[in-house]
Every structure is written in C-alpha cells, then in structure tokens.
Amino acid sequence: MPGWKSDVGRRLDALVTSTLPDVRKAVKWNQPFYGAHEDRWFLSFRCYTKYVQVQFWQGTSLDPAPPKASKHDEVRYLDIHEDDELDEDQLRSWIEQAGRLPGAKV
C-alpha cells in the first residue's frame, strides 16, 4: 500500500485484530481478507488512487449499514480518503457485528 494508504492499512489491521483477536487472515488478489469462520470472510480492503475501500461482505446486515452500496446485494463499502478522520468506534462496532455473521464465500 503506497504512501498514506499504508498507515490506513496498518490502522485497519490493528482495529480488526484488537477487536477480534482470533480472526483468520488471508491475502487474495493482493487484498487482506479477514474471517471468523472457515473459508468465509467478513471484511477486506483494497487501494484505489484516491482512497482505501473497506468491504463488508455482509454489510447490509450491519446496523447501521456502511454508507456505500454495491452492485452485489449484501456488500457495503466504506471509502477512506487521505484527510478523513476514522470513526474507530463505528468501525469496531461493524467489525464486531460482521465477525458474528456467517461471512461470505469469496
């Protein structure tokens, strides 16, 4: 992850692992994936030119749902731009909720 995005990636990884210490990790298509159940994933993130996109694979089941819709029925996104302040409390809540769901086979 280049430049400022590497700090965001480290912060996201720290949030996930501190919220769910037993989380499973993998890398697919150069993206980190996080799961709580075998072969099923609840979160991943990837870089775009101007932002880092956090993908909640069952995001429509979260309360409140992350802000950005997807063409995939259950997926919701959070885009993080360079100057954005992360709402860590909200992210932890989403991570906790997502970790209790079955996850998606990706």
Side-chain angles (χ1 to χ4, degrees):
M1 297 178 75
W4 63 270
K5 295 172 195 156
S6 63
D7 290 335
V8 171
R10 281 191 289 278
R11 251 176 108 183
L12 289 170
D13 182 72
L15 271 171
V16 174
T17 56
S18 68
T19 303
L20 300 173
D22 295 330
V23 71
R24 293 176 50 255
K25 297 181 183 185
V27 175
K28 297 174 173 248
W29 310 291
N30 288 332
Q31 299 176 59
F33 277 71
Y34 299 87
H37 308 286
E38 189 169 329
D39 294 332
R40 301 187 78 77
W41 307 101
F42 63 82
L43 181 148
S44 64
F45 56 88
R46 59 184 166 194
C47 289
Y48 286 93
T49 302
K50 297 188 179 201
Y51 58 92
V52 174
Q53 185 173 74
V54 182
Q55 303 160 326
F56 291 93
W57 292 97
Q58 292 183 296
T60 56
S61 297
L62 305 179
D63 183 28
K68 188 175 178 183
S70 170
K71 65 181 178 180
H72 304 285
D73 290 340
E74 294 185 326
V75 177
R76 297 289 291 200
Y77 303 117
L78 173 68
D79 293 344
I80 303 169
H81 297 85
E82 183 172 9
D83 295 324
D84 288 349
E85 296 232 0
L86 284 183
D87 183 344
E88 290 192 7
D89 291 336
Q90 181 61 72
L91 278 166
R92 273 187 213 285
S93 175
W94 283 332
I95 292 163
E96 287 172 351
Q97 291 177 61
R100 291 191 299 265
L101 297 171
K105 201 161 190 144
V106 181

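What you are looking at is a predicted structure, and each value in this text was computed from that prediction instead of being measured.
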For residues Ser18 and Arg92, determine if any side-chain heavy atom of one lies less than 4.5 Å from a side-chain heavy atom of the other.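 SC-SC contact between Ser18 and Arg92 confirmed.
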
Taking all non-hydrogen atoms of both residues into account, name the closest pair between [X] and [Y] and its distance.
X: Cys47; Y: Pro2; answer: SG-CD, 4.4 Å
X: Asp63; Y: Gln97; answer: N-OE1, 2.8 Å
X: Pro66; Y: Gly59; answer: CD-O, 3.5 Å
X: Val23; Y: Gly35; answer: CG2-O, 3.4 Å
X: Leu43; Y: Phe56; answer: CD1-CE2, 3.4 Å
X: His37; Y: Arg24; answer: O-NH1, 2.7 Å

Tyr48-Asp79 side chain donor-acceptor pair, cut-off 3.5 Å: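 No, no side-chain donor-acceptor pair sits under 3.5 Å.
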
query = Do Gln55 and Ser44 meet the criterion of a side-chain donor-acceptor pair at a distance under 3.5 Å?
reply =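 Side chains of Gln55 and Ser44: pair found under 3.5 Å.
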
Among the clusters formed by ILVMFWY side chains lying less than 4.5 Å apart, do [X] and [Y] turn up in the same one?
X: Val8; Y: Leu91; value: yes
X: Val75; Y: Trp29; value: yes
X: Tyr34; Y: Leu101; value: yes
X: Met1; Y: Val54; value: yes
X: Leu62; Y: Tyr77; value: no

* Asked: Taking the six-membered ring for Trp, are Trp57 and Phe33 parallel (under 30°), tilted (30 to 60°) or perpendicular (over 60°)?
  ->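 Because their plane-to-plane angle is under 30°, the rings of Trp57 and Phe33 count as parallel.
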
